[in-house]
Protein chains: 2
Amino acid sequence: MPERPGKPTRDTYRHGDLRQALIEAGTELARTGGPEAIALRETTRRVGVAPNAAYRHFPNRDALVQAISLRAMAELAHAMEEDIAALPPTDDPVQGARDRFRAVGTGYLRFARTEPGLFRAAFYVPDDMTRAQDTVSAGHGGLTPFQLLGEALDGLVDCALMAPERRPGAEFLVWSCVHGLAVLLIDGPLRGLPDELTDPAVHDLIDLIDKGLRPDTSAADAPTPA
Amino acid sequence: MPERPGKPTRDTYRHGDLRQALIEAGTELARTGGPEAIALRETTRRVGVAPNAAYRHFPNRDALVQAISLRAMAELAHAMEEDIAALPPTDDPVQGARDRFRAVGTGYLRFARTEPGLFRAAFYVPDDMTRAQDTVSAGHGGLTPFQLLGEALDGLVDCALMAPERRPGAEFLVWSCVHGLAVLLIDGPLRGLPDELTDPAVHDLIDLIDKGLRPDTSAADAPTPA
DNA sequence: AACGCTATGTGGATGGCGTCCACATTCTGG
DNA sequence: CCAGAATGTGGACGCCATCCACATAGCGTT
């Protein structure tokens, strides 16, 4: 019996669901080391299978990383949904819209800080905008992170917290701001900033975005402030 | 004569300034392929030297990447300085402050789109905030990108385009927004967006930040807009 | 001027990686 | 029940970073 305990073994020649097992194992690698830590050989090793077996389910390493990336994106959606769900109920629709908008941002940044490896994996590689619609990257509610943000923005417009003419493409602007902070915090120059400093930064950033989106009250768009 | 044309050779056993040559060659690799394209072996090959020679000047690959990263950060500073220098002269100090602030942002994003590989290299790896002060990463004016942004923000405060009490830490917020768009554009889901779409996005983003930074004119900070 | 020390470059080996090709085993449909 | 498809294995190749032992060149001392 050459079976050493601790090493995953199997009695059948076939694995059963190797594809899923690889995604699972690879996700754990990404969780601790980011997408570049997803080594094909190490992943197959953990599953207890020869390196080449992976090629029966993915054309190459990048395809595996891609699949893991989609799953990570879905986890990001979950985190955002959690922050939205944790919101205290309100009768005021304006308050509600603003709360949901904030929750989208805080959930995003909470996930980035809690699971930096997966967050980075979610944004790894051959991506175009089409993937944001992929249902695999959606949360339990069926919406992707991008779509969750869109809904929150629609809510702002409905409550006149945002000018409708500014709505088109606003996802990209807001997304940029929040994403930028996430990136600077997890592998940029702000890495390792203690929570006591990051939490206010998150708050202030969302304040800034919120304020920047609001409709112009009087005359405030011209070069001079007032 | 085993010298094949095209391959860099040298007549002396010593190279002269191998360290600088490695940084130079590695920078070219990063320019086209980003920091992960900086392979120690390929870099030394281009310089015409054995792989191990690099270890006389850098403890490991990461140190080389780090040196290249600093140089790339300096190039980023140059790009920002260029946009500032290209500004039309103005008598209006308010206009000037706003212009410089915008130029900091446009320069940053122009560099990111023009030299995505170097931009990514600039933000690669073991970084903490201390490196932003490193003079190696400064531009011709002696200021790092971070410091250039700080100056621009000071200018806004001086012209009452920004509330002084919001000044501390504002670098991080503004930086996040601009950096986020850069990242989404060059290796995120917005990759490959044509210039016709990115240019307005850059403009709108800076507008949003500008607006978000402005002092509250009347009553506009409370949950209700007006 | 000669000597030795140190800085610098070379060569070879090791272990990790992704990927390809040939082969083995199992499952499935006719 | 058997052929072929699906799946897993083994070995090889070329890339990589890094380590050790060795070679050579330049520099300061005497």
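Convention: sequence-line order gives letters A, B, ...; per-chain numbering from 1. Just so it is clear, the structure is predicted and the values come from calculations on it, not from any experiment. Computation of the quantities below employed the complete heavy-atom set of this structure, encompassing side-chain atoms and omitting hydrogens, waters and symmetry-equivalent molecules.
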Less than 3.5 Å apart, any donor N or O on the side chain of A:Thr27 or A:Glu24 sitting next to an acceptor on the other? no

Using a cut-off of strictly less than 4.0 Å, decide whether B:His57 has a side-chain nitrogen or oxygen near OP1 or OP2 of C:dG9. yes

If you only use heavy atoms from C-beta on, which nucleotide in C:dG9, D:dT18, C:dC17 is closest to the side chain of B:Val49? C:dG9

Under a plain distance cut-off of 3.5 Å, with no hydrogens placed, do A:Thr144 and A:Gln147 share a side-chain donor-acceptor pair? yes

Starting at the 5' end of DNA chain C and moving along, which residue's nearest nucleotide shows up first, B:Pro51 or A:Leu40? B:Pro51

Looking at A:Asp204 and B:Arg166, is there a salt bridge between them, counting it only when a charged N and a carboxylate O are closer than 4.0 Å? no

Determine, using ring centers only, whether A:Phe123 and A:His179 are less than 6.0 Å apart. yes

B:Leu18 CG to D:dT24 P, straight-line distance once rounded to whole Å: 19 Å

Interatomic distance where CG belongs to A:Leu22 and P belongs to D:dT7 [whole Å]: 12 Å

So that I know where these two stand, are A:Phe146 and A:Phe172 an aromatic pair - ring centroids less than 6.0 Å apart? yes

Of the listed C:dC17, D:dA17, D:dT9, the closest approach to the B:Ala39 side chain comes from D:dA17

Using only heavy-atom distances, decide whether a donor-acceptor pair under 3.5 angstrom links the side-chain of A:Arg19 to the base of D:dT7. no

Round to a whole Å and report the spacing from OH of B:Tyr55 to P of D:dC19. 6 Å

Nearest-Å distance, CZ (A:Arg41) to P (D:dT9)? 13 Å

To the nearest Å, give me how far apart CD (B:Glu36) and P (D:dA17) are. 13 Å

5' precedence on DNA chain C between A:Arg56 and A:Glu42 (nearest-nucleotide basis): A:Glu42

note: B:Phe58, atom CZ; C:dG9, atom P; distance rounded to Å ~ 11 Å

In whole angstroms, the gap separating C1' of C:dG16 from CG of A:Leu29 amounts to 14 Å

Of all the choices, C:dG9, D:dT18, C:dC17, which nucleotide is nearest to the side chain of B:Arg61 once you look at every atom? D:dT18

Separation of atom CD in A:Gln20 from atom P in D:dT7, rounded to whole Å: 14 Å

